[in-house]
Every structure is written in C-alpha cells, then in structure tokens.
Amino acid sequence: MASTEERVINIIAGQLGSDAATITAETDIANDLGADSLDLAELMIAFEEEFNINIDESDAQNITTVGDVIQHIEKAIKTD
Amino acid sequence: MLKINLHDRVAVITGGTRGIGLGIAKALAACEAKIACIGTNPEKLQSALKAICHERNSSTGGVPLEFQEEVEGYLCNVSVTEDVEQTVEKILTRFGRIDILVNCAGITRDVPLGAMKDEEWDDVIGVNLRGPFLMTRACSKPMRRAKRGRIINIASISGLIGNKGQANYSASKAGLIGFTRTVSKELAGKNITVNAIAPGFIETDMTAVLPAALKLEIKNRIPLARFGSPEDVANAVLYFVSEEASFVTGQILTIDGGMIR
C-alpha cells in the first residue's frame, strides 16, 4: 500500500497535470502548482473520496501545502 | 410570485439579462439571493442589473440595501471553456460560494433542415447544450464540496415534441433534458438536485419575432389560451430551489398552459 504522501501527491499530479516527481511536502498547491479555487475544490473532493474522510471548508482554508494535506488526512484518520 | 427565503444564497443565472432568465434572476433576488448574472451584451447586462436591484429593493419594503454586495454582472460566452472557467472563478472569489445554478442562456437560429448551415447548427448546440455542460461542470465543484446545491436547466417543449424549423434548437433542448437526467443521478450523492423546466410559448424577445398570424395560431393550441410570462417559469424555479423540493431531482416540468400532453 502506498504511503499517504504518495497517494496525496498522485492525486494532485493527476488533477493538475503536474509531474509527481517535482511535488514534495513543501510544495504550495496554489502558488507552486497554479491551482485555482475550482482546482482546490476538486482536489478536496478527491482527498475526501480517496481517504474516506471529511474536510470542512474551514479546515480547507488552512491547507496551502502538500504537507498540510497529509497532516490533515492523518489526523482525520486517527480520530475516526 | 412565490416567496421563499434565499438569504445569503448565491445564485448564478446564465442568460440572465432578458426574457425568462431575467425573470428568474429578479425572482431569486426578491427572495434575497445574491445574484451573479451572466450575459453577452454589455448594455443589456447593465439594464438587467438595475432591474434585478430594483426587484431586490422592492422586496424589502424600500429599505436601502448595499446592492453592490448582492448583485454582480459577468460578460461571458457560455460556449467557450476558458470564458466559463474564468467567470466561475471570479464568482467564487467575489461571493465565496455557489448554491444555485440556472442554465437559461439560449439562442435560436430557425431554418428548415435543408437550408440549415453548419454554423447555425453549431452556434445553437454551442450555447444551448455545451454551455450548460461547461457551466454545470464548473459550478458543481463548489457545490460538491459544500455537499448541497440546486441546478435548474431551462429546456423547451421543442426538445420534447419538436418544432418545424428548429432541428438545431430542439436537438439542443432534448440533449439538455438527457443531460439533466444523467447529471441528477451523478450528483445526487452530493445532495445536489438537478431539474429541468420545459417552457412552452412565453412572452419574450425570442417569441416577439414570430409573425402575428402564427402567434394567433399557437394561442389557439394552448388550452389556457395565453402565452406564459417569465414569472410563470420563475415560480417553478423557486419551487425547485426551495428546501421543500429537496427530494425532487431529475424531473422535467413542462410549463406550457397545457399545450402538450
């Protein structure tokens, strides 16, 4: 089973058409990868479905980097 | 008009500058929804925004509201992908959410099949069918995120029973009905309802161009013996967007004075 980080990066690369190899935990999804708010909405839906979690709009607003996403997912899975 | 509470809801209306679309925009504004009105003609857009604001104002008993906060216009060709994506992005930046999408932008290029040019087919399919596809794809993203939403597609009885000279138009509207049925199934899991309205003959600029003799002939075929008004259609939109219609999706409601059965 791929790690959370790998799965998150694959989803982002797939949605935004960017090269997975260039994405790290420090990558800023909007500023580095050029995601607009429609892309971000689509990504949050994809994370919710992939990991079977819920990402509230208020939480989503605090997510800027790939690392933020991973952190949120791991927290959500633990408290589940 | 029906009265429901849409306070703080954000409604996007394509083709909202005149005819049925303007009637719908005014009705939603009267229920206190925030309005993102989409059109292609700058002058018509400006006058529509004034009319929508006026409606909003009268509904609050003359209490002055900061309309700039509530109503915004966007020039956008709904058949162009980049236009649509940019416009929806702007609406999200401006209002932060989208609760309601009404796909009302529609054009006619009536010509008998034998004389129909490729562009006349493509233009009508582009605005009437590709437009709702692009708008729905974009607007459904924030709706899917929010796990709520209402989408209303304005079709036509031409898409149900056909109409001479409208091979392009009736194909686009029949397509829109199929689109409505499929998308309602796809988005149901996200608590988004998708319904269509198939108006008959409604008093608008689109039907104003019909010859008087033809209008009389049509009126004779309408059991309720009159053309409908944009408000007749808007009332149905208000029902579909209301909380009370939360169990209604994938439906096609004909509003034609009983013309087709």
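What's counted below: heavy atoms across the whole structure, side chains too, no hydrogens, waters or symmetry copies.
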Quiz prompt | Whether A:E57 side chain and B:A146 backbone form a donor-acceptor pair below 3.5 Å | solution = no

B:A138 and A:L38 have their tightest heavy-atom pair at O-CD2, 3.5 Å

Check this for me: B:K147, atom NZ, are more than 12 non-hydrogen atoms of other residues, nucleotides or ligands nearer than 6.0 Å?
yes

So do B:K190 and A:I45 actually touch side chain to side chain, heavy atoms under 4.5 Å?
-> yes

What do you reckon, is CZ of B:R9 surrounded by more than 12 foreign heavy atoms closer than 6.0 Å?
-> yes

Are more than 12 heavy atoms from other residues, nucleotides or ligands located less than 6.0 Å from atom CZ of B:R181?
no

Checklist entry - Got A:L40 and B:K141 here, is their nearest side-chain heavy-atom distance under 4.5 Å? => result no

When the 4.5 angstrom heavy-atom criterion is applied to A:Q61 and chain B, the contacting part is neither

Correct closest heavy-atom pair for B:P142 and A:A41 would be N-CB, 4.4 Å

Turns out that what part of A:D39 lies under 4.5 Å from chain B's heavy atoms comes down to neither

Salt bridge present between A:E48 and B:R144 (N-O < 4.0 angstrom): no

### Task
State, with a plain yes or no, whether a side-chain heavy atom of B:E85 is found less than 4.5 Å away from one of A:D36.
no

